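Everything on this sheet refers to the single structure shown next.
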Amino acid sequence: MGYKVEPIKADEAPAPSLLAPLRSLFLRAGVLPFFLVAAIVIFSFASAQFLTVQNLTNVARQSVYLVLVSLGQMLVLVTGGFDLSVGTAIALTSVVSASTMVAAVAVFPDSVWLVIALGLCAGFCAAAVVGLLNGLGISVFGVSPFIMTLGVQSVGAGIALFITGGVPIGNLPFEFADFFGFGRVFGVPVPVLIALVAIAVMWIVMNRLRIGAEVYAVGGNIKAAHLSGINTAKTLFLSYLACSLLASLAGILLTARVESGETNLGGSIGLESIAACVIAGVSLRGGIGRVENVVLVAFFIVLVQNGMNVMQIGSYMQMVLLGSLLILAVIIDQLRYRMLLVRR
């Protein structure tokens, strides 16, 4: 006995859920797009100044430093480690470059850009030493990234304080701050242009070059990477060196912004960069991470801080709100990963 199947008419077909596209976006991109839209809507209603070109340009300029440090942090996180010494790399870059410029002015008073170039080279070299120490300790001697970078952070902070005696180094060349701190090219702030170049280079390295594939392989399974012919020690070494150099670049731009060499410029940016990477989906176990997500999260964190300033929320409450937001983002992201596993 057969059964006749009646076709469902078009007007009787179940309508697709309105939440389906949002669920699909959440599974693909995570919680960040929703947080970003919510922040823009809330802060826009709270203040008419929030979405102005001037304020958004200011946010872009302020986010440069966290973006640069987060890119370097992502690199070492993908290898399965992390770097607590990025703040020290920034501080050393600041005080060494400032000290060098002040000393060089006395020798080359009529060659301002030579003085600036010497200062930049000295700052990058100081940060490179931090990266070299981290890289050697972790890749050659097998020291835990936590212990190694924490120790280097302590040593570097002490050296920076010894150089300055805890006093900021001023009297830097006017051209240095005028260009690297406040300069514009075609109306775009110089720090933003430098960050855009760094982002583009980092994206190419991680997505188009062999070294990027090796970094992901080392973070995914270092033993398998070694057996497949990858020089894992070299990959780890270069990752920590690049992380310090990116932090150094942020240190140069911060020094130009405040127009002095200071030991406290690194502050809490190390932990903020790790938080930005984790929210962006970079795995603490290594092997997973996307450049564009890290950049977007770093911008989002600074955007929220700016919005709370516009709303005149006190600094103490800002810490509470921002910390709660970060915890909530990580919890929701963990739920997303569980949904993805069930879907598979």
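Worth knowing before you read on, the calculation uses all heavy atoms, side chains too, and leaves out hydrogens, waters and symmetry mates. By convention here, the first residue in the shown sequence is residue 1. Just so it is clear, the model here is predicted, and its values are computed rather than measured.
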Pairwise side-chain contact, [X] with [Y], heavy-atom cut-off 4.5 Å (strictly under):
X	Y	answer
M101	L118	no
V282	N293	no
M206	L75	yes
L51	F43	no
I301	E272	no
D83	V86	yes
F174	E259	no
L328	F35	yes

Looking only at non-hydrogen atoms, find the nearest pair between [X] and [Y] and report the distance.
X	Y	result
A298	V67	CB-CG2, 3.7 Å
A256	A177	O-CB, 3.4 Å
G181	R257	O-NH1, 3.2 Å
L68	A198	CD2-CB, 3.6 Å
T88	A157	CG2-N, 3.7 Å
Y65	L254	CD2-CG, 3.6 Å

Is there a path from [X] to [Y] through hydrophobic residues (I, L, V, M, F, W, Y) whose side chains come within less than 4.5 Å of each other?
X	Y	value
F186	V53	no
L227	Y216	no
L92	F162	no
F176	L193	yes
I327	I332	no

Practice task
Kindly indicate, with the supporting measurements, whether the criterion side-chain contact (heavy atoms from CB on, under 4.5 Å) is fulfilled by V96 and F124.
Solution key: CA-CA 9 Å; V96 170; F124 282 124; over 6 Å; no
Short side-chain to backbone donor-acceptor contact, [X] and [Y], under 3.5 Å:
X	Y	result
S63	A60	yes
S273	S70	no
S228	A225	yes
S97	S94	yes
Y240	L133	no
N306	V302	no
T52	N55	yes

Once rounded to the nearest 0.5 Å, what's the spacing between atom [atom1] of [X] and atom [atom2] of [Y]?
X	Y	atom1	atom2	value
M311	M308	CE	CE	9.5 Å
S239	I138	OG	CD1	10.0 Å
I169	T263	CD1	OG1	9.0 Å
S139	L238	OG	CG	9.0 Å
F50	N309	CZ	CG	11.0 Å
L249	I194	CG	CD1	6.0 Å

Problem - Steps toward side-chain contact (heavy atoms from CB on, under 4.5 Å) verdict (L325, F300) - result: CA-CA 11 Å; L325 187 64; F300 168 73; 3.8 Å; yes
Handout entry: Distance-only donor-acceptor check, side chains S260 and E262, under 3.5 Å
Key =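 Per modelled atom types, S260 and E262 side chains form a pair under 3.5 Å.
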Would you say [atom1] of [X] has more than 12 non-hydrogen atoms from neighbouring residues, nucleotides or ligands within 6.0 angstrom?
X	atom1	answer
F182	CZ	yes
R290	CZ	no
D178	CG	yes

Handout entry: Worked verdict on I40 versus L303 for side-chain contact (heavy atoms from CB on, under 4.5 Å)
Key = CA-CA 9 Å; I40 292 174; L303 183 76; 4.2 Å; yes
Exercise for the section: Begin with the C-alpha distance, continue with both residues' side-chain angles, and end with the deciding distance and a verdict on side-chain hydrogen bond (donor to acceptor under 3.5 Å, both in side chains) for T93 and S248. Expected result: CA-CA 6 Å; T93 297; S248 180; 2.9 Å; yes
Practice task
Pick out which of V69, V192, V190 makes a side-chain contact (heavy atoms from CB on, under 4.5 Å) with V64.
Solution key: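 Result for side-chain contact (heavy atoms from CB on, under 4.5 Å) with V64: V192.
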Handout entry: Mutual orientation of the aromatic rings belonging to F179 and W113 [parallel < 30°, tilted 30-60°, perpendicular > 60°]
Key =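 Geometry flag for W113 against F179: perpendicular rings.
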Exercise for the section: With side-chain contact (heavy atoms from CB on, under 4.5 Å) as the test, would you mind laying out the steps for T255 and F180 before giving the verdict? Expected result: CA-CA 9 Å; T255 302; F180 289 102; over 6 Å; no
